[in-house]
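In what follows, every chain begins at residue 1, and chains take the letters A, B, ... in the order their sequences are listed. Small disclaimer: the values here were computed from a predicted structure and weren't measured.
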There are 2 protein chains.
Amino acid sequence: MPKRVDHDERRTQIAEALIQVAGRQGLHAVGMRDVAAEAGVSLRLVQYYFETKEKLLFHGLQHLTDRFTARVDARLAAAGRDPGPRATIEALLLASLPTDAESRIFHLLYSSYSILSVTDEALAAQPFIDKPDAAENALTRLIQQAQETGQADAGADARTEAISLLAMTATMGTSILVGQRTPESAIAALQYHLDRIFNSSRTAPTAR
Amino acid sequence: MPKRVDHDERRTQIAEALIQVAGRQGLHAVGMRDVAAEAGVSLRLVQYYFETKEKLLFHGLQHLTDRFTARVDARLAAAGRDPGPRATIEALLLASLPTDAESRIFHLLYSSYSILSVTDEALAAQPFIDKPDAAENALTRLIQQAQETGQADAGADARTEAISLLAMTATMGTSILVGQRTPESAIAALQYHLDRIFNSSRTAPTAR
DNA sequence: CTTTTCGTAATACGAACGTACCATAATGAT
DNA sequence: ATCATTATGGTACGTTCGTATTACGAAAAG
């Protein structure tokens with residue numbers, strides 16, 4: 001045989017190519033030949049490592065979410081250890097906004113996959129829907145922790161606020177993507193709600 | 001000549017067919033032959049009234065927003081005349097949620113067009129981006145009115161709240177669409193924020 | 001050293017798509 | 001009555017797409 005090659009590595013390389021070209025042309029417009037050209041390999045190779053286009057798309061989605069998770073983790077690590085609930089939430093939300101090339105592509109493609117999954121049942125069966133659930137749970141717990149330590153308004157419904165923050169962030173992301181809103185205004189709106197939920201002082205519980 | 005036919009009527013009929021089939025298969029998967037079959041006309045006829053597919057898609061988007069505007073207006077009319085700011089806002093937001101077949105299709109296709117416009121500059125040049133702006137302005141004014149009459153928290157930032165409500169509603173819609181959330185839970189979250197913004201009593205201004 | 005298997009390449013195939021072309025019946029205008 | 005125009009149908013063309021087929025060199029296995 002020729003030099004045994006690392007399949008996972010090659011698959012990652014090709015999935016990366018898929019993401020790049022999809023970010024440029026749109027997920028709907030990407031063909032196997034485009035992916036092959038972007039990855040610098042032959043069309044046959046793409047077929048070899050992903051037998052069908054559907055499998056390629058699935059793996060691309062998987063790779064996308066993995067990369068995004070790593071990105072968020074990196075942001076959290078950069079915030080220092082134990083930065084407090086509010087700073088953690090800020091890092092989480094701001095990492096999701098499409099403010100640079102990488103996050104723009106992520107947001108665009110994740111949205112594309114979501115919309116696609118409405119009419120494509122094979123994609124809908126793919127388990128990329130529980131990712132939002134995990135984020136929602138994490139945010140809820142952070143808010144609850146802040147409430148217990150008096151850092152957040154005790155009268156707020158933690159889960160509903162978590163859902164709302166994530167929902168707002170998602171739409172803000174799309175608005176930024178289509179050029180309807182600036183990242184600054186989106187961040188301002190999010191800060192507005194964080195100011196509302198969190199107390200500025202760390203001692204006084206909220207009067208109600 | 002044959003019986004002179006109303007071009008606008010035919011174009012509307014075909015655009016309607018486009019929306020139906022796109023709602024079923026996804027916007028990316030709709031072909032001119034599908035539209036022709038759905039409208040019960042020949043492929044040539046679709047070409048005749050919309051010379052190119054691009055023009056057909058543009059007109060479909062136009063028709064979609066028109067229908068949605070009419071739908072919202074109908075909801076507002078059904079709420080009775082002068083129902084107060086909160087009821088008006090509720091009608092606006094709830095009309096946007098994909099709770100029945102028609103609104104599901106609308107939400108799916110509007111999202112599809114939005115995502116498409118990120119990578120398709122011809123679509124991006126289409127003026128369907130100022131529609132959200134109009135909604136944002138309308139909501140802002142309604143909240144301001146409520147603040148002036150003491151029906152809403154005077155300390156709230158009307159525009160930011162309007163932006164937030166619309167943003168939340170948009171994501172909630174998508175979540176419902178992909179089956180991640182029920183309409184009831186989405187409505188509950190929206191009500192939570194309306195309860196926060198609006199006072200239950202109509203006289204007492206908010207203490208702050 | 002032979003044989004089998006793996007990575008890679010080139011290319012062919014059938015289907016589907018958007019568009020273009022040709023045809024024709026019906027009707028308004030002259 | 002004739003002619004030009006309009007609405008409609010059928011179909012062919014060129015391209016692109018995903019997939020299948022065939023081939024071949026290189027190295028691990030025996």
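- Side-chain contact annotation: His28(B) with Ser112(B), donor-acceptor N/O pair under 3.5 Å absent.
- One interatomic measurement links the two molecules: NZ of Lys53(A) to P of dT19(D), which rounds to 8 Å at whole-angstrom precision.
- Under the 3.5 Å distance criterion, the side-chain polar atoms of Gln147(B) are left unmatched by any main-chain donor or acceptor of Ala158(B).
- Atoms CG (Leu57(A)) and P (dC17(D)) sit 14 Å apart, rounded to a whole Å.
- The OH-P distance, from Tyr48(B) to dA7(D), rounds to 4 Å in whole Å.
- A side-chain donor from one of Arg10(B) and Gln13(B) sits under 3.5 Å from a side-chain acceptor of the other.
- Below 30°, between 30° and 60°, or above 60°: for His7(A) and Tyr49(A) the angle between ring planes is above 60°, a perpendicular geometry.
- Between the P atom of dC13(C) and the CD atom of Gln47(A) lies a distance of 15 Å, rounded to the nearest Å.
- Atom-to-atom, CG of Leu45(A) to C1' of dT8(C) comes out at 6 Å; the value is rounded to the nearest Å.
- The phosphate of dT6(D) has neither OP1 nor OP2 within less than 4.0 Å of any side-chain N or O from His7(B).
- The side chain of Asp34(B) has dC17(C) as its nearest neighbour among dG7(C), dT19(D), dC17(C).
- The 5' end of DNA chain C is approached more closely, in terms of each residue's nearest nucleotide, by Val41(A) than by the other of Arg33(A) and Val41(A).
- Note: CZ (Arg10(B)) to C1' (dA7(D)) measures 9 Å, nearest angstrom.
- Taking side-chain N and O atoms only, Thr52(A) has a distance below 4.0 Å to OP1 or OP2 of dT19(D).
- If you measure from atom CE of Met32(A) to atom C1' of dA10(C), you get 17 Å, rounded to the nearest angstrom.
- Backbone-only engagement by Val30(A) is indicated by non-hydrogen atom pairs under 4.0 Å involving sugar-phosphate atoms exclusively.
- dT19(D) atom P lies 18 Å from atom OH of Tyr49(A), rounded to whole Å.
- Proximity of Arg44(A) to the phosphate of dT19(D): no side-chain N or O atom is located under 4.0 Å from OP1 or OP2.
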